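Model, not experiment: these values are computed from the prediction. Letters A, B, ... mirror the listed sequences (proteins, then strands); counts begin at 1.
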Number of protein chains: 2
Amino acid sequence: MLTERQLLVLQVIIDEFIQTAQPVGSRSISKKGEVTFSSATIRNEMADLEEMGLIEKTHSSSGRVPSEKGYRFYVDHLLSPFRLSNKEIHSIQETFRDQMLEFERVVQKSAGILSDLTNYTSIILGPEVFETKLKQLQIVPLTPQTAVAILVTNTGHVEHRAFNIPQEIEANDLEKMVNILNDRLYGVPLVQLHEKIFNEVGDLLKTHTRNYEQAFQYLQAALLNEQPAKLYVGGKTNILMQPEFKDLEKVRSLYAMMEKESEIVHLLRSEHPGIHVKIGHENEVDAMQDCSLITASYALGDDQIGTIALLGPTRMEYNRVIKLMNVLSSEMTDTFKSWYQGE
Amino acid sequence: MLTERQLLVLQVIIDEFIQTAQPVGSRSISKKGEVTFSSATIRNEMADLEEMGLIEKTHSSSGRVPSEKGYRFYVDHLLSPFRLSNKEIHSIQETFRDQMLEFERVVQKSAGILSDLTNYTSIILGPEVFETKLKQLQIVPLTPQTAVAILVTNTGHVEHRAFNIPQEIEANDLEKMVNILNDRLYGVPLVQLHEKIFNEVGDLLKTHTRNYEQAFQYLQAALLNEQPAKLYVGGKTNILMQPEFKDLEKVRSLYAMMEKESEIVHLLRSEHPGIHVKIGHENEVDAMQDCSLITASYALGDDQIGTIALLGPTRMEYNRVIKLMNVLSSEMTDTFKSWYQGE
DNA sequence: TTTAGCACTCAACAGACAAGAGTGCTAACA
DNA sequence: TGTTAGCACTCTTGTCTGTTGAGTGCTAAA
């Protein structure tokens, strides 16, 4: 167990290091206002803290630097409640004030403001579309051979996909089919679309349209094939400003990772609701072992979940950032809720 | 005017430097197969070339490096016709083989393949939507207060925008309005939509719908407000691999520039049809003064123009890259043309 | 228990030096 | 007259050395 004084010393070291990115020495600690002991005393405490693995030296006679374990302890026990400045609060409210009616815009803007306010890189996983419900399905013919299928959900989300009309199918049949589908599938969550069609609508379709098989396959390929969750990234270049990334090799591997969207989607999707902090090697991805990743979730309507994340060096302003993400995620949730209330 | 031999020396220097990124010395040139003179002779020629400003030294006793003027000369006069390898041709054809029916996919894939094959950064300016024609306009109500407006063009392009329905307007009116618009505006190029509505359709609408003014304003805001040209960027991280960008500061400014989409759109849009090469300071943007930008245009149907661009260091494989962009732009043009033929 | 003092360690910086690559110039050669 | 061999010179790069300063650990005194 840590003594009061050790807690204080640890706190000062981490706070200081987060500010300056420089190893902090005993003397500079002793000169701090809230510290009343001599540098020698502090050296003793530091030796103890080091023994516990909470801080490290970069070389035998350097000042101390927080270890990952130290950051973990800091995040778990030493986080002081943080007050955002008026300016920050203002700029968030400003962002959400103007009416935005589409997910994309809300999410995009949120990513922007988050990275701007933190100088880290924000990554937002767009809302899962699974639970959103079908509002309308439509097919607009472009040429005799091609058409575009459009799908609108109750959240205002629009998916579209162009496809070839197979020769065996007449425009007539296609239209009938769409009518039936609209009739039967209104309000069905997208995630159930597949089974619903097979179990309930399939037979009906067969009786009404010739060449049901082909037509249906095409439609399915056009619409249900892929709904890749979208990533919104803000402040990608902020990483370059951090002194820990003056090594190009690190930047390279980190950027390479960020280009693999599917991996990131997977990473973020697996998080549970609430705020989570992953420090350094707690991240499984190799390229992120010098980084911390903070994730928070936002809700949409009942339980729909998207994730907002912030990527920075392990030396992160945890308290500020966590506060910020709290505010933002609830702001997003509120915005979405307000849409639902009108329904 | 340059002698045969000077041309040869210049060619070898630039070819060599493009390969190695190292200053090339007289001795290494003399050892080349196609060169038959001694290093001393070459030194004399190099002195002349330097006097003409075509090559430079990095310091008083270093090998030579092409100057921007040298690259310019190289591009204008020394470009040997380049044969793509079978592998490259194959991978391009492969990309365009599978049926893609949407601009986005074609352009996206093109950007990908271009950056993959060159190891530079590709930037493609999506096709201008101005000349594309309205196919269908539609409004899907989401809640009593909100709806999403969808616009489909003859190219299969889909724009959508959610908006608030003002209380004064009844769903009925909105529907009427859409019907009228669809009826009258079918096949009208998007760029003419504005005036067409004002001049021809406005009166008709007024007589049929109450609260025409508001309804119309809303619809207009929803659909016509912005159609920002989309940028598709591929291989952003390739820049990091280039030895000339081991200086973080350069990378930073370059990346910062690339985040300003509007600026790039402006830059690319101003190009005339055909292939253009801008070397170093020929680029007006500060951050690009160590880069070369190669642009080519692609056509869509008659005269619609989009731009594909490639950003790399001035030390670029010009002949290969130019060939590649030629192939790609015509491949894109062909793809789009095939869509039109079916119409 | 705390602190002053001191010897020790190490990174960072600067200067010195050698090696190597490449040049310009001169003089000799075809 | 054009070409080339030879040589002195220049500049970068890497290595080594010594110095400085920040910071530590330990000991002994308060």
Could you go through B:Y318 and B:L78, starting from their C-alpha distance and side-chain angles, then the distance that decides it, and tell me whether this counts as side chain to side chain contact (heavy atoms under 4.5 Å, CB included)?
CA-CA 10 Å; B:Y318 292 98; B:L78 293 177; over 6 Å; no

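Here C:dT23 presents its P atom at 12 Å from CG of B:L49, a figure rounded to the nearest Å. Atom C1' of nucleotide D:dG2 and atom CD1 of B:I42 are separated by 15 Å, given to the nearest angstrom. B:I29 places its CD1 atom 16 Å from the P atom of C:dA21, with the value rounded to the nearest Å. Between A:E50 atom CD and D:dC26 atom P the separation is 11 Å, expressed in whole Å. Between the P atom of D:dT12 and the CZ atom of B:R64 lies a distance of 15 Å, rounded to the nearest Å. For the pair A:Q22 CD and D:dA22 P, the computed distance is 13 Å after rounding to whole Å.
Look at A:R27 and you won't find any side-chain N or O under 4.0 angstrom from OP1 or OP2 of D:dG21. Contact annotation: B:R5 side-chain N/O to D:dG2 OP1/OP2 distance is not under 4.0 Å. Residue B:K57 places at least one side-chain N or O under 4.0 Å from the OP1 or OP2 atom of C:dG24. In this model, the phosphate group of D:dT3 is not approached by any side-chain N or O of B:S38 to a distance below 4.0 Å at OP1 or OP2. Residue A:S60 has no polar side-chain atom (N or O) positioned under 4.0 Å from OP1 or OP2 of D:dT24. Residue B:S26 places at least one side-chain N or O closer than 4.0 Å to OP1 or OP2 of C:dT23.
Although no hydrogens or angles enter the test, the distance criterion places a donor-acceptor pair under 3.5 Å between the side chain of A:N283 and the main chain of A:C291.
Within 6.0 Å of CD on A:Q19 lie no more than 12 heavy atoms contributed by other residues, nucleotides or ligands.
Residues A:F17 and A:Y74 place their aromatic rings such that the two centres sit no closer than 6.0 Å.
B:S62 comes within 4.0 angstrom of sugar-phosphate atoms only, judged by non-hydrogen atoms across all strands, and of no base.
Nearest-nucleotide positions on DNA chain C for A:E45 and B:S61 put A:E45 closer to the 5' end. Sequence order on DNA chain D of the closest nucleotides to B:F37 and B:H59 puts B:F37 first from the 5' end. Two residues, A:N44 and B:N44, neighbour DNA chain C, and the one matched to the more 5' nucleotide by heavy-atom proximity is A:N44.
Out of C:dT9, C:dT23, C:dG5, the shortest distance to the side chain of A:R43 is found at C:dG5.
Checking A:S26, A:S30, A:S38 one by one against A:R43, the side chain to side chain donor-acceptor pair (under 3.5 Å) holds for a single residue, A:S26.
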